[in-house]
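For reference, the structure discussed in these notes is given below.
Predicted, not measured: the structure shown is a model, and the values here were computed from it.
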Amino acid sequence: MQLHRIMKKVTARRAVISVALLVALLLLAFLVKHYVLAAKANTYLTAQVVRRDLISSVMTTGNLQAQQQVDVGARVSGQLKSLKVQLGDRVEKGQLLAEIDPELAQNDLISAKASLESLEAQRRAVAASLWQANLIFRRQEDLLAKDATARQEVESAKAQVQLLSANYASLGAQMNQAKALMNSAMTNLGFTKIIAPMSGDVVAIVTQEGQTVVAAQQAPVILKLANLDVMTVKAQISEADVIRIQPGQVAYFTILGDASERHFGKVSKVEPAPQELAKDNAKAAGPVFYNALFDVPNLNHRLRIAMTAQVTVVLLEAKNVLCVPLSALGRAEPNGQYPVRVLGKGGQLSSVLVTPGINDRVWIHVEGLNEGDEVVIEDGAGAS
C-alpha cells in the first residue's frame, strides 16, 4: 500500500515536470519568433549617399595600326636584284629601297628607240620624194597651160603628190606611237628602281632578294612602310552602343603590357558599316560591330602595329555629385523617377523618389537625397 502511494507521487511529479518543460519550450519558441526572427527581418544592408566623380562610358577592345601605311610594290616584272633596306629601318621619302634587274627594261628601250629612228628615216625619204613630186606636178601644170602636155600627165603627177602626202602623214602618226612606246620603256626602266613614297619605318618585307616578281595584272608587294609617329586605334563598338558614339568624344586605351598608362585621343569618325561588309560574300552572322577610329601620338614608338587595346569611350562626366549604388534603386515610375528606401535614425524606413543622372554601372548620380543618408541596397535574409 505504501509502495503504491510512492509510485503515484513519482508519476505526478513527472507529469508536472513534463508540463513545465512544454511551457518552457513554447515560451522559447515565442521569444525566438518575436525577437530573433524579427531582428533578422529588420536587418538591412545599407550604403551612404556620397559625393563622387562619375564617368559614363562605353568599354570595348580594339587594335592598333599606323595612321599612314603603304604597300610598296613593283610595277615591272623581273628578278629582285637588290634590297637596300632591312626590317625596322627608318627611311626617308625618295630613298632607294630596292632594284629590279633592269636588263629587260633596257632592251625594250633600245628596241623602242630603234623603231623610232627607222620611222624618222622613212619619213625623211618620203619627204624628199614628196618634194620632187611637187616639182613635177607644178611643171606639168605649166606645160598644160601651154598645151605642151596631156591632162593625164598632170593628173598622174597630182595623184603622186597626194599619195606621198598620205604616206608622210602616216609615218608621222607611227612616229608619235613609237615615241609613246619609247617613253613607256623609259618609264619602265625607271620603275626598276623602287623609291620610298613616304617617310617611315620598314614594317614588313614581303619579297626577298633573288625572287622574281610578275607585274602582269597587279603590282606585287615588295615591302611595307608605315609612319609610327601617330597610331590609329580601331575600336569595335557593338550595335547596341554605336548610336551613342559621336566624333569629338574623348577616348583612351591601355595595352596589355602596361595597364597603368592611358593613351588619350578623340574619336575622329565612326565607320558607317561593319568591316565584314568589305569582304566577298559577306553575311550577317552573330554580333555586329562597327569601327570607331581615333589617333594617338607615338613619338617613342612604344605602341606597335596590331597591339590589342582596352578602349574606353567617355560619353558623359559629372564632378562631385551625390551618388548611390545602382542596387538601391527600385522599379522605375512612369515619370522616370525611381523609389529609394531611406533608413532613418530610429530604424524607420521611408521611400523617397529620386531623379537619376549618369551612372558608371556601379554608382548612379541622383537628385532628391542628402549626403550621408543611409539607403537600403539589400534586406532580409540576403543581408545576413
Side-chain angles (χ1 to χ4, degrees), residues 52-72 88 90-93 196-204 223-279 282 284-321 357-365:
R52 296 174 60 93
D53 294 339
L54 285 185
I55 296 178
S56 176
S57 61
V58 170
M59 290 179 288
T60 184
T61 59
N63 59 76
L64 299 178
Q65 63 181 18
Q67 184 191 48
Q68 292 180 296
Q69 181 172 320
V70 63
D71 294 344
V72 181
R90 175 75 180 180
V91 300
E92 300 298 328
K93 182 177 181 179
M198 57 173 279
S199 298
D201 297 326
V202 180
V203 295
L223 51 84
K224 298 185 178 185
L225 290 180
N227 183 358
L228 301 179
D229 292 340
V230 178
M231 303 295 288
T232 296
V233 183
K234 274 192 173 183
Q236 296 182 334
I237 308 297
S238 70
E239 58 182 316
D241 292 324
V242 72
I243 58 175
R244 299 189 291 163
I245 307 298
Q246 301 293 334
Q249 290 173 333
V250 174
Y252 62 87
F253 71 93
T254 60
I255 57 176
L256 298 178
D258 186 1
S260 62
E261 184 179 359
R262 293 180 175 182
H263 305 268
F264 285 86
K266 286 188 177 181
V267 176
S268 58
K269 69 176 179 179
V270 180
E271 294 180 351
Q275 189 170 357
E276 289 75 13
L277 191 65
K279 300 178 182 178
V288 178
F289 293 93
Y290 299 81
N291 286 328
L293 309 181
F294 64 96
D295 298 333
V296 293
N298 185 35
L299 299 180
N300 55 7
H301 290 191
R302 289 188 65 198
L303 303 176
R304 298 174 183 268
I305 294 173
M307 275 186 169
T308 300
Q310 305 294 330
V311 180
T312 300
V313 181
V314 178
L315 304 178
L316 295 170
E317 289 186 85
K319 300 289 187 181
N320 195 32
V321 293
I358 71 170
N359 72 84
D360 62 359
R361 298 181 179 85
V362 178
W363 294 86
I364 183 169
H365 166 48

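- Minimum interatomic distance between E92 and S199 (heavy atoms only, all atoms of both residues): OE1-OG, 3.1 Å.
- For the atom pair L303 CG and N298 CG, the distance stands at 4.0 Å (nearest 0.5 Å).
- Side-chain N or O atoms of D201 include none that pairs as donor or acceptor with a backbone N or O of V203 at under 3.5 Å.
- Each of L256, T60, I255 was compared with Q310 under the side-chain contact (heavy atoms from CB on, under 4.5 Å) criterion, and only L256 meets it.
- When side chains are defined from C-beta on, R244 counts as touching V58, because their heavy atoms get closer than 4.5 Å.
- Note: L293 CG to Q65 CD = 7.5 Å, rounded to the nearest 0.5 Å.
- A distance-only check finds a donor-acceptor pair linking the side chain of D53 to the backbone of N320 [under 3.5 Å].
- Taking the side-chain contact (heavy atoms from CB on, under 4.5 Å) definition, one finds that N359 meets it with L326, R361, I364, sequence neighbours left out.
- Looking at heavy atoms from C-beta onward, V296 lies in side-chain contact with F253 at the 4.5 angstrom threshold.
- The stretch residues 224-235 participates, sequence neighbours left out, in these side-chain hydrogen bond (donor to acceptor under 3.5 Å, both in side chains) pairs: Q68-N227, D229-H301, T232-D295.
- The shortest non-hydrogen separation linking I55 to D360 is O-CB, 3.4 Å.
- Taking the side chain as every heavy atom from C-beta outward, V311 and M59 never approach each other to under 4.5 Å.
- Side-chain contact between E271 and Y290 is absent, with no heavy-atom pair separated by less than 4.5 Å.
- A donor-acceptor pair under 3.5 Å is absent between the side-chain atoms of E261 and the main chain of D258, judged by distance alone.
- Partners of F289 under the side-chain contact (heavy atoms from CB on, under 4.5 Å) rule, at least two apart in sequence or in another chain, are Q236, S238, P287.
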